[in-house]
Amino acid sequence: MAISIDLSLAITTAEAALFAPFVLPVCAWAAYSDLSRMKIPNKSVLVLALIFVVLGLFVLPLPDFGLRLVQLVVVLVIGIGANALGLLGAGDAKFAAAAAPFIAFDDLNQLLWLFMANVAAGIATHRGVKYTPLSRLAPDWESWQRHGKFPMGLCLGGTLAIYLILGIYYGAQ
């Protein structure tokens with residue numbers, strides 16, 4: 001039995017190409033901040049949401065734009081609940097909510113697979129580097145010291161960045 005992977009995405013190449021140059025630096029900012037301080041700055045979340053609001057008006061039909069904003073609200077409500085249960089940090093919940101409108105709803109399945117792969121790779125890499133001399137390159141990172149905690153901003157930002165890059169190449173025309 002062969003496994004096939006369908007890389008076609010519902011996000012358009014135009015959407016992904018317009019969003020990526022602005023969103024990728026914010027993803028890197030959130031990942032770096034979470035690695036170094038175990039916090040995703042509220043400013044990065046606000047910038048991410050603002051990028052969608054400003055650029056989304058130019059690239060999406062108005063009904064799609066509105067539905068994407070609904071995605072933000074739904075993910076924020078779910079994230080607040082998950083944070084209240086201690087399942088994830090508040091910054092993670094807010095970043096996921098701000099990232100949600102960049103995702104075409106029909107890509108949710110592919111996004112979840114991408115996120116799971118990113119979490120596995122992120123944990124393996126972070127934990128692997130933590131116990132090697134490579135950790136001396138950033139000796140004061142808070143994420144090395146926190147036992148039982150993981151800087152999920154690394155995986156959240158990475159997932160959004162990779163999704164948009166894949167959207168440029170495999171998105172709908």
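FYI, the numbering just counts along the sequence from 1.
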*Partners of S44 by side chain to side chain donor-acceptor pair (under 3.5 Å), sequence neighbours excluded?*
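Side chain to side chain donor-acceptor pair (under 3.5 Å) list for S44, sorted by chain: empty.
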Might you point out which heavy atoms bring [X] and [Y] nearest each other, and give the distance in Å?
{"X": "L160", "Y": "A99", "answer": "CD2-CB, 3.7 Å"}
{"X": "P101", "Y": "Q71", "answer": "CA-NE2, 4.1 Å"}
{"X": "S8", "Y": "Q110", "answer": "O-NE2, 3.2 Å"}
{"X": "W144", "Y": "S135", "answer": "NE1-O, 3.5 Å"}
{"X": "I11", "Y": "F102", "answer": "CD1-O, 3.7 Å"}
{"X": "A10", "Y": "D106", "answer": "CB-CB, 3.7 Å"}

Output the distance between atom [atom1] ([X]) and atom [atom2] ([Y]), rounded to the nearest 0.5 Å.
{"X": "L9", "Y": "L111", "atom1": "CG", "atom2": "CG", "value": "9.5 Å"}
{"X": "L87", "Y": "M152", "atom1": "CG", "atom2": "CE", "value": "10.5 Å"}
{"X": "L154", "Y": "N118", "atom1": "CG", "atom2": "CG", "value": "7.5 Å"}
{"X": "S33", "Y": "I40", "atom1": "OG", "atom2": "CD1", "value": "7.5 Å"}
{"X": "K130", "Y": "S143", "atom1": "NZ", "atom2": "OG", "value": "8.0 Å"}
{"X": "N109", "Y": "W113", "atom1": "CG", "atom2": "CH2", "value": "7.5 Å"}

*Pairs flagged by salt bridge (Lys or Arg N to Asp or Glu O under 4.0 Å) wherever residues 76-96 is involved - sequence neighbours left out*: none
Is there a side-chain contact between [X] and [Y], using heavy atoms and a 4.5 Å cut-off?
{"X": "T12", "Y": "E15", "answer": "yes"}
{"X": "V59", "Y": "F19", "answer": "yes"}
{"X": "I80", "Y": "N83", "answer": "no"}
{"X": "F22", "Y": "V47", "answer": "no"}
{"X": "R127", "Y": "F150", "answer": "yes"}

Flag yes if [X] and [Y] sit in one hydrophobic cluster, no otherwise; membership is Ile, Leu, Val, Met, Phe, Trp, Tyr, and two members link when side-chain heavy atoms are under 4.5 Å apart.
{"X": "V119", "Y": "V75", "value": "no"}
{"X": "V129", "Y": "Y131", "value": "no"}
{"X": "V23", "Y": "L72", "value": "no"}
{"X": "L67", "Y": "L108", "value": "no"}
{"X": "L88", "Y": "M38", "value": "no"}

*Supply the members, apart from V74, of the Ile/Leu/Val/Met/Phe/Trp/Tyr cluster built from side-chain contacts under 4.5 Å; use none for a lone residue.*
V70, I78
*Sequence neighbours left out, what passes ring-ring contact (aromatic ring centres under 6.0 Å, His included) with F65? Give chain and number order.*
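Per chain and number, F65 pairs via ring-ring contact (aromatic ring centres under 6.0 Å, His included) with F52.
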Atom pairs and distances, donor-acceptor, side-chain atoms in residues 161-173, under 3.5 Å, two or more places apart:
| residue | atom | partner | partner atom | Å |
| --- | --- | --- | --- | --- |
| Y163 | OH | A104 | N | 3.1 |
| Y163 | OH | D107 | OD2 | 2.6 |

*Could you pull out all residues at least two apart from R146 that satisfy salt bridge (charged side-chain N to carboxylate O under 4.0 Å, His left out)?*
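Checked R146 against salt bridge (charged side-chain N to carboxylate O under 4.0 Å, His left out); matches are E142.
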*Worked verdict on D34 versus F95 for side chain to side chain contact (heavy atoms under 4.5 Å, CB included)*: CA-CA 11 Å; D34 214 12; F95 187 87; over 6 Å; no
*asked:* Let's go through R37 and W141 carefully: what are the C-alpha distance in whole Å and the side-chain angles of both, what is the deciding distance for side chain to side chain contact (heavy atoms under 4.5 Å, CB included) to 0.1 Å, and is it a yes or a no?
replied: CA-CA 6 Å; R37 299 184 305 122; W141 276 4; over 6 Å; no
